[in-house]
Amino acid sequence: MYTRRSSSSSDRSSGPESSSPGQYSPSGYHMIKVYILQAKLDATAVAELYTLIKSCKDVPDGLRLQLCGNPSDADVILSNVHMRKRLERHLDWDIAKQKAIVTPDWLHDSVAQQRPLNCADYAALGELREETDKNCPDCDLPKCICSSESSKESLLDNGTMNLITSPHVSYNYAARYSCQRASPLVCPNQRLANELSVLRIHRDLEGKTVNALSYERAIAVSTGLRLAYPRVITQADLDTEVVHLPYLGEKIRSKVLLCFRGCYHYVNDALTKINEFIRFGRIEECNTIRSSARFLSLKAFASIHGVGSTTARHLYSIGLRTVEDMEQYYDVPIADDGVPLLPNNEPKYTPNGKRIPTNDTIPDLDIKAALVLRHEFAISISRSEVEEMHNLIMAELNDLKPGCASTIVGGYRRGKPESNDVDIVITHADLRGGGEKITGLRKRFVERLYNRGLVSHVARGAGFIAQDSFRWHSLENALTVFRLPAQVDARHLHRRLDLIIAAPEAYWSAVVGWTGSKMFERDLRLWAKTEKGLKFDSSAVTRRHDSKRFFPQSENDVFSLLGLQWIDPTLRNADI
DNA sequence: GGGCAT
DNA sequence: CGTA
DNA sequence: GCCC
């Protein structure tokens, strides 16, 4: 029942040949109104379905669902009733024929994949299968597959456009590595993950990095639970199932218990009590941490780009307590209104409109600059703005070197509705062999963007090259600060932009390496090492015993080289 | 007790 | 040490 | 903090 021609819209657009706008948008799904027909569903099941629907209310770019109180208003009706006679006791047959009537599995699986699945595969009544198919809302043959984008093959075309994540992966929620599991963006266990995240951040800020890693793993497992196990954890689950989940060991498990204390008192009777069900407990220690002044100071310090936990603890130890203290300490110029003075690096023009070339070096994104820019960096970037930035950047690049291909990676590619930064992987057939050609292009491109007033800063400390020991490198990146021109976006905000220039042979490794999430990447590398004797980094897969390098020719190639099943980018959200 | 991504 |  |  999972074998239809559906597509993850991500891949068809992730081909480097498609540097066109609005490449990957998992979204565009209409709000789907769902009615729960309670007959033959017990209170627990109804509560689960209710929670699932609620969790999909505010996801503008994923699956959007709305609980609906009246079957005739619904697009989809969830039902465990399989006989016409029985159904007619609850629902007018003429109305039933105008709806898609599916089993609750449709909801579970659709939430898991964050897209509305084909209703016919889940028809509750064989007799209404055709109607269910016909009335299926927004069935996931995406518009983009039928329209536009001629499928011209390029040497970089990956042939992975129609991959779907195997449902088998969705039921792998107890697997050891997050690269074996499916981790969607939203989940009913979000609250648990948020609580664990407080502990994770706290351990990190206090320098207990391995403890923090354990919490990251526990969070990653929790994020997968929403999938094959898409329900809020109950006491019974805790007793039977949670014991067998990896990375929820004795100490973390006891905290999970704390977090869910009380939630098994829910609904023995009706939907009306479901709001009680939603009220979770909290982890006691988190409350202590949240109200700790030291924690708040360290967290504020470390929120500045370039300041990690070590520097944060140092600043605290010499008496600093607030970011304003930091401004003084780092000598940030403050305007009369008390706001840090934004840098003025607009391009200069002669009276007749010609740009005066600037020969000055590009300002460094150091801690001082990051302090000045921190308010703008905190403003999240919408998907359409990400796409706008990508368009502009690729237009500039095309001027400098025609024929480049690119993919927006990072959180955007994982389907996040809002991003903190923008990551773009870029390649060109001429860059085969890497080395000087890549360095040259990166340098010229960043300088051009700077001279055009599109890039204001570059992070130098981190301008690292590909981490391989080869003489030549096949990957280079530029960590920059970008601004859309005021004519395009009046806010003219400073945005974090990472450009990754890859040789064509390194392209797909780079795309996988930069799509994330962080935990997903660590587990890819750990899996490659411990299970396969391979090394994965964002420039290649390398066999450890003889250093033979493999250059995947598609994103799926990376997965199969590593002996892993395909996981859609939108299901790689193993971090919170 | 060692390893935890590169 | 900080970053992706 | 957890796993081997």
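All values below were derived from every heavy atom in this structure, side-chain atoms included, with hydrogens, water molecules and symmetry-related copies excluded.
- Note on A/K529: every side-chain N or O is 4.0 Å or more away from OP1 and OP2 of B/dG3.
- Atom CE in A/M519 sits roughly 9 Å away from atom C1' in B/dA5 (whole-Å rounding).
- Within the nucleic acid shown, A/R200 has no heavy atom closer than 4.0 Å to any nucleic acid atom.
- The shortest distance between the side-chain N/O atoms of A/R203 and the OP1/OP2 oxygens of D/dG1 is below 4.0 Å.
- Counting non-hydrogen atoms of other residues, nucleotides and ligands closer than 6.0 Å to OH of A/Y329 gives a total of 12 or fewer.
- The phosphate of C/dA4 has OP1 or OP2 within less than 4.0 Å of a side-chain N or O from A/R496.
- A sub-4.0 Å separation between OP1 or OP2 of D/dG1 and a side-chain N or O of A/Y215 is present.
- Here A/T310 reaches the OP1 or OP2 of C/dG2: one of its side-chain N or O atoms lies under 4.0 Å away.
- Distances shorter than 4.0 Å separate none of the side-chain N or O atoms of A/K518 from OP1 or OP2 on B/dA5.
- A/K208 comes within 4.0 angstrom of nothing in the nucleic acid, heavy atoms only.
- Looking at A/E396 and A/R444, no side-chain N of the basic residue comes within less than 4.0 Å of a carboxylate O on the acidic one, giving no salt bridge.
- If you run ring-ring contact (aromatic ring centres under 6.0 Å, His included) between A/F559 and each of A/W508, A/W566, A/F536, only A/W566 comes through.
- Using a 4.0 Å cut-off between charged side-chain N and carboxylate O, A/E195 and A/R290 make a salt bridge.
- For the C1' atoms, the distance from B/dA5 to C/dT3 is 14 Å, rounded to whole Å.
- Checking the phosphate oxygens (OP1, OP2) of C/dG2, no side-chain nitrogen or oxygen of A/R460 falls inside 4.0 Å.
- Annotation: A/K368, atom NZ; neighbour count of heavy atoms from other residues, nucleotides and ligands within 6.0 Å is above 12.
- With distances taken from any side-chain atom of A/R525 to the nucleotides C/dA4, B/dA5, D/dC2, the minimum falls on B/dA5.
- Distances shorter than 4.0 Å separate some side-chain N or O of A/R176 from OP1 or OP2 on D/dC4.
- Contacts of A/I252 with the nucleic acid, taken as non-hydrogen atoms under 4.0 Å apart, involve only primed sugar atoms and P, OP1 or OP2.
- In terms of phosphate contacts, A/R544 brings a side-chain nitrogen or oxygen within less than 4.0 Å of OP1 or OP2 of B/dT6.
- Of the candidates B/dA5, B/dC4, C/dG2, the closest approach to any side-chain atom of A/V210 belongs to B/dC4.
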Just to be sure I follow the notation: if a pair is Watson-Crick (purine N1 to pyrimidine N3 plus N6-O4 or O6-N4) or a G-U wobble (N1-O2 and O6-N3), each under 3.5 Å, what dot-bracket string does DNA chain B give, with | for pairs to another strand? ||||.|
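- With a 6.0 Å radius and a threshold of 12 heavy atoms from other residues, nucleotides or ligands, A/K437 has its NZ atom above the threshold.
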